[in-house]
Q: 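The structure is given below, and queries will be raised subsequently.
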Amino acid sequence: MGKNIYFYVTALVAVLILLLLAFIAFNTDFSPYKYSVSRNGLEFVSNSGQPSDILDALKQHETFIISPQFAASGPENSYMTSSITIMSAVLIDKAKDVIIVARVLDDKGNLVKCQSNMGDVKTNKELSPEECGNIINDSANARVFISFPPKGISSPRVLLEDGKATIIPNSFEGVSGASYIFMESLYEDTPQIIERVNLIVSKLK
């Protein structure tokens with residue numbers, strides 16, 4: 001009889017331990033980010049502050065640096081240009097100064113060069129890594145980076161820091177959508193702006 005009681009007590013303790021571990025697992029946030037909110041499938045994460053507060057501060061800037069990543073060559077580059085089109089349309093409508101800085105990275109992720117309009121739509125200047133760094137590291141301006149989709153990421157996200165946002169898509173096909181949702185989170189009338197721009201473009205064809 002004693003052995004049976006010992007067996008049942010041991011089994012009960014084991015079950016209680018498993019239940020405790022399950023409770024801890026389900027109620028513990030293993031995310032490396034302190035703040036996280038989701039909008040239309042796009043996760044906004046930050047360790048600097050509430051995403052809404054950072055977005056509000058970001059749109060107060062008069063100058064925006066839009067810096068998508070590009071490869072030296074390849075079909076993936078065509079997906080990255082969509083982010084420039086969407087963001088430029090909205091920001092120009094909001095009377096913001098827009099500086100495009102296309103970062104060209106090698107296979108190891110090292111910055112090779114940049115192409116920039118220097119804030120002028122008629123300009124296309126090649127910059128050295130040093131010159132490029134001076135622009136994209138200027139914290140006086142709002143900075144929006146668009147990265148290539150990394151391996152192993154299941155959903156797109158935006159990493160928010162003070163005066164800076166990094167859009168990280170989960171696929172090249174998702175670059176446009178992630179950029180659109182980001183801009184809509186920044187300016188709620190983004191859909192109306194894009195619709196108006198598309199109407200103007202259609203009339204020019």
Side-chain angles (χ1 to χ4, degrees), residues 31-70 80-103 111 114-125 127 130-148 155-169 174-201:
S31 171
Y33 304 106
K34 186 176 180 180
Y35 304 96
S36 176
V37 296
S38 182
R39 175 171 182 167
N40 296 333
L42 182 63
E43 187 181 14
F44 292 79
V45 298
S46 177
N47 285 321
S48 302
Q50 290 288 354
S52 58
D53 293 339
I54 296 177
L55 289 171
D56 285 339
L58 199 66
K59 67 182 181 183
Q60 301 305 317
H61 288 269
E62 295 300 321
T63 300
F64 277 73
I65 296 172
I66 308 301
S67 184
Q69 178 181 342
F70 286 89
M80 305 306 290
T81 56
S82 63
S83 60
I84 296 176
T85 303
I86 293 169
M87 294 182 188
S88 295
V90 175
L91 292 171
I92 290 173
D93 186 85
K94 294 297 180 180
K96 302 294 185 180
D97 295 324
V98 180
I99 300 175
I100 306 298
V101 181
R103 293 171 293 122
L111 183 63
C114 289
Q115 296 284 144
S116 177
N117 68 348
M118 304 302 290
D120 182 357
V121 294
K122 298 179 181 179
T123 300
N124 182 24
K125 182 179 180 181
L127 305 175
E130 291 75 22
E131 292 172 318
C132 184
N134 290 336
I135 298 176
I136 62 177
N137 293 323
D138 186 358
S139 59
N141 302 316
R143 294 165 292 159
V144 181
F145 297 89
I146 306 94
S147 301
F148 278 1
S155 59
R157 68 171 63 108
V158 179
L159 175 60
L160 295 170
E161 303 168 82
D162 293 333
K164 176 183 174 183
T166 303
I167 299 174
I168 308 170
V175 172
S176 178
S179 299
Y180 184 92
I181 297 171
F182 170 76
M183 291 309 299
E184 191 176 16
S185 299
L186 205 60
Y187 299 105
E188 292 185 356
D189 58 342
T190 288
Q192 291 75 30
I193 294 172
I194 297 298
E195 183 179 357
R196 188 164 62 247
V197 169
N198 288 337
L199 182 61
I200 294 172
V201 171

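Heavy atoms only: backbone and side chains are in, while hydrogens, waters and symmetry mates are out.
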Q: In chain order, what residues pass the side-chain contact (heavy atoms from CB on, under 4.5 Å) check against Ser116, with sequence neighbours excluded?
A: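 Residues passing side-chain contact (heavy atoms from CB on, under 4.5 Å) with Ser116: Ile99, Val101, Met118, Leu127.
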Q: Listing request: all side-chain hydrogen bond (donor to acceptor under 3.5 Å, both in side chains) pairs with a residue in residues 184-194, at least two apart in sequence or in separate chains.
A: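 Qualifying pairs: Lys94-Asp189.
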Q: Roughly how far, to the nearest 0.5 Å, is the CD1 atom of Ile100 from the OG1 atom of Thr123?
A: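 Going from OG1 on Thr123 over to CD1 on Ile100, the span is 12.5 Å.
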Q: Report, one line per pair, each donor and acceptor closer than 3.5 Å where one atom sits in a side chain of residues 47-59; sequence neighbours left out.
A:
unit_1, atom_1, unit_2, atom_2, d
Asn47, OD1, Lys34, N, 2.7
Asn47, ND2, Pro32, O, 3.4
Lys59, NZ, Leu186, O, 3.4

Q: Heavy atoms only: give me the nearest Glu43-Ser36 pair and the separation to one decimal.
A: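 Minimum heavy-atom separation between Glu43 and Ser36: OE2-OG, 2.6 Å.
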Q: Would you please name every residue forming a ring-ring contact (aromatic ring centres under 6.0 Å, His included) with Phe148, sequence neighbours left out?
A: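 Phe148: ring-ring contact (aromatic ring centres under 6.0 Å, His included) contacts with Phe172.
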Q: Just to verify, which of Asp97, Asp138, Leu91 counts as forming a side chain to side chain contact (heavy atoms under 4.5 Å, CB included) with Thr63?
A: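 Output: one option passes, namely Asp97.
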Q: Out of curiosity, Ile86 CD1 to Ile146 CD1, how far, rounded to the nearest 0.5 Å?
A: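 Rounded to the nearest 0.5 Å, the CD1-CD1 separation comes to 9.5 Å.
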Q: Nearest 0.5 angstrom please: Leu159 CG to Phe145 CZ, how far?
A: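 Answer rounded to 0.5 Å: 11.0 Å.
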Q: Set out, in order, the CA-CA distance, both residues' side-chain angles and the distance that settles side chain to side chain contact (heavy atoms under 4.5 Å, CB included) for Val144 and Phe182, then state yes or no.
A: CA-CA 10 Å; Val144 181; Phe182 170 76; 3.9 Å; yes
Q: Among residues at least two apart in sequence or on other chains, which ones pass salt bridge (charged side-chain N to carboxylate O under 4.0 Å, His left out) with Glu161?
A: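 Residues passing salt bridge (charged side-chain N to carboxylate O under 4.0 Å, His left out) with Glu161: Lys164.
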Q: Quick one: does Asn141's side chain have a donor or acceptor within less than 3.5 Å of a partner on Ile65's backbone?
A: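 No; zero donor-acceptor contacts below 3.5 Å.
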Q: How long is the gap from OG1 on Thr166 to CZ on Arg157, to the nearest 0.5 Å?
A: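 Between Thr166 OG1 and Arg157 CZ, I get 11.5 Å after rounding to 0.5 Å.
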Q: Roughly how far, to the nearest 0.5 Å, is OH of Tyr180 from OG1 of Thr85?
A: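 These two atoms lie 14.0 Å from each other.
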Q: According to side-chain hydrogen bond (donor to acceptor under 3.5 Å, both in side chains), who are the partners of Arg196, at least two apart in sequence or on a separate chain?
A: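 Counting only residues at least two positions away or on another chain, Arg196 forms a side-chain hydrogen bond (donor to acceptor under 3.5 Å, both in side chains) with Asp93.
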Q: Indicate the atoms forming the closest heavy-atom contact of Asn117 with Val98, along with that distance.
A: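 Nearest heavy atoms, Asn117 then Val98: ND2-O, 3.8 Å.
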Q: Using modelled atom types and a 3.5 Å cut-off, is there a donor and acceptor pairing between side-chain atoms of Ser179 and backbone atoms of Ser83?
A: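 No; zero donor-acceptor contacts below 3.5 Å.
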Q: Can you check whether Gln115 reaches Lys125 side chain to side chain, under 4.5 Å on heavy atoms?
A: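 Answer no - side chains too far apart.
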Q: Looking at His61 and Phe64, what are the two nearest heavy atoms and their distance?
A: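 His61 and Phe64 have their closest heavy atoms at O-CE1, 3.5 Å.
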Q: For the side chain of Arg103 and the backbone of Ser67, is there at least one donor-acceptor N/O pair under 3.5 Å apart?
A: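 Here the side-chain-to-backbone pair exists.
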Q: Once rounded to the nearest 0.5 Å, what's the spacing between atom OG of Ser88 and atom CE of Met183?
A: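 It is 9.0 Å, given to the nearest 0.5 Å.
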Q: For a 4.5 angstrom cut-off between non-hydrogen side-chain atoms, does Leu42 reach Phe44?
A: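 A side-chain contact exists here, since the closest heavy-atom pair is under 4.5 Å.
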